[in-house]
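Down below is the structure, laid out as structure tokens.
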Amino acid sequence: MLISSWNVNSVRARIDNIKSYLVKYKPDILVMQEIKTEEVNFPFDVFSSLDYESHVHGQKSYNGVAIISKKKLGNVETDIIKDKLKQSRIISAEVEHKKKKIKLINIYTPNGNPVDTPKYEYKKKWLDDLIKKLKSISKTNKNIILTGDFNIIPAAEDVYNPKSFEDDALYRLEIRKKFREMLSLGFSDVYRHFNETQEGYTFWDYMRGAWQKNNGMRIDHFLVSSSIIDNVKKININKDPRGGEKPSDHTPIEIELA
DNA sequence: ATGGCCAGGTTTCCTGGA
């Protein structure tokens with residue numbers, strides 16, 4: 001089973017890119033972030049014509065997440081975190097794989113910049129609420145896949161210029177600690193599980209020729225429970241879409257479950 | 001050495017992104 005996560009930076013502006021990606025790589029499940037549209041304007045028909053069912057937690061202009069799947073999903077929820085600002089940043093569902101009932105959680109963590117503003121406080125609170133929820137879910141379901149745009153650079157090797165990001169909301173020590181806190185609950189950072197030091201950027205800014213210079217960062221992740229890690233055959237950061245026409249600034253990250 | 005982008009909506013500027 002191939003599961004992919006991609007911050008598409010507008011599902012409507014990116015629809016041709018997404019279609020090409022689905023046709024070429026045929027993920028069983030694609031979770032998307034920053035769809036930037038309400039459910040009423042979501043292109044359900046495009047995805048159903050490619051045999052995907054769609055589940056959407058939309059929002060006008062900003063944020064918004066969705067899960068599209070070739071496999072039947074159960075128990076879709078969009079409110080497992082109470083979001084004070086009512087932003088659409090999480091959607092979860094259950095999928096069955098090899099007799100395991102897996103809870104798949106798709107997140108779009110707040111960016112948090114600039115750090116001396118309420119935006120940063122919102123990010124910290126949002127991550128604290130997520131961590132609390134992960135703890136409680138873990139009690140009843142041991143098979144969890146947490147994926148999406150975490151807006152966290154976990155370590156120095158995950159950004160082209162760590163020095164300049166020390167006081168950035170994506171890399172501040174306080175934020176990296178929240179990522180470690182998630183790992184301490186028993187999750188594996190799948191990319192680092194398979195790649196000890198190799199860089200694995202998933203985002204390159206549109207500005208300053210970042211893509212051409214490979215000035216990237218690793219902020220999109222797959223975290224899986226210990227019960228799932230042995231099912232993971234491989235993880236791949238698929239750079240093709242980032243190099244294409246009118247790309248998103250993020251590129252898909254994919255895991256293959258055996 | 002410096003600045004460089006893109007999307008949506010409130011549309012010819014503003015906000016947000018990372």
Round to the nearest Å and state the distance from [X] atom [atom1] to [N] atom [atom2].
X      : N      : atom1 : atom2 : value
A:R176 : B:dA18 : CZ    : C1'   : 16 Å
A:Q212 : B:dC5  : CD    : P     : 12 Å
A:L85  : B:dG17 : CG    : P     : 11 Å
A:D168 : B:dA18 : CG    : P     : 11 Å
A:Y206 : B:dA7  : OH    : C1'   : 8 Å
A:F165 : B:dA18 : CZ    : P     : 12 Å
A:Y201 : B:dA18 : OH    : P     : 18 Å
A:Y120 : B:dG17 : OH    : P     : 15 Å

Determine: side-chain N/O of [X] to OP1/OP2 of [N], distance under 4.0 Å, yes or no.
X      : N      : result
A:K246 : B:dA7  : yes
A:R14  : B:dA7  : yes
A:H250 : B:dA18 : yes
A:N113 : B:dA18 : no
A:R12  : B:dG9  : yes

Under 4.0 Å, heavy atoms only, any strand: does [X] hit a base, just the sugar-phosphate, or nothing?
X      : value
A:D220 : nothing
A:N7   : sugar-phosphate
A:Y108 : sugar-phosphate
A:Y62  : base
A:K123 : nothing
A:N151 : sugar-phosphate

Side chains of A:T109 and A:L127: does their closest heavy-atom pair fall under 4.5 Å?
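Yes, their side chains come closer than 4.5 Å.
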
If each of A:R208 and A:D249 is mapped to the nucleotide of DNA chain B with the nearest heavy atom, which maps nearer the 5' terminus, i.e. the 5' end?
A:R208

A:K60 or A:K213: which one's nearest nucleotide on DNA chain B is closer to the 5' end?
A:K213

Gap separating the CG atom of A:L173 from the CZ atom of A:R180, nearest 0.5 angstrom:
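That separation rounds to 6.0 Å.
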
Gap separating the CD1 atom of A:I228 from the CZ atom of A:F222, nearest 0.5 angstrom
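Between A:I228 CD1 and A:F222 CZ, I get 12.0 Å after rounding to 0.5 Å.
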
Rounded [atom1] spacing from [N] to [M] in Å:
N      : M      : atom1 : value
B:dC5  : B:dA18 : C1'   : 12 Å
B:dT11 : B:dG16 : C1'   : 16 Å
B:dA7  : B:dT12 : C1'   : 15 Å
B:dT10 : B:dC14 : P     : 16 Å

Is A:E121 salt-bridged to A:K124, cutoff N-O under 4.0 Å?
yes

For A:K19, does the NZ atom sit with more than 12 other heavy atoms under 6.0 Å from it, leaving out its own atoms?
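Result for NZ/A:K19: open.
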
More than 12 heavy atoms of other groups within 6.0 Å of A:K70 NZ:
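Correct, the count exceeds 12.
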
If you draw the axis of the six-membered ring of A:Y201, does the NZ or CZ of A:R242 fall within 45° of it and under 6.0 Å from the ring centre?
no

Could you please name the option among [options] that lies closest to any side-chain atom of [X]?
X      : options              : answer
A:M207 : B:dG17, B:dA7, B:dC5 : B:dC5
A:L170 : B:dA7, B:dG4, B:dA18 : B:dA18
A:A13  : B:dG8, B:dA18, B:dG4 : B:dG8

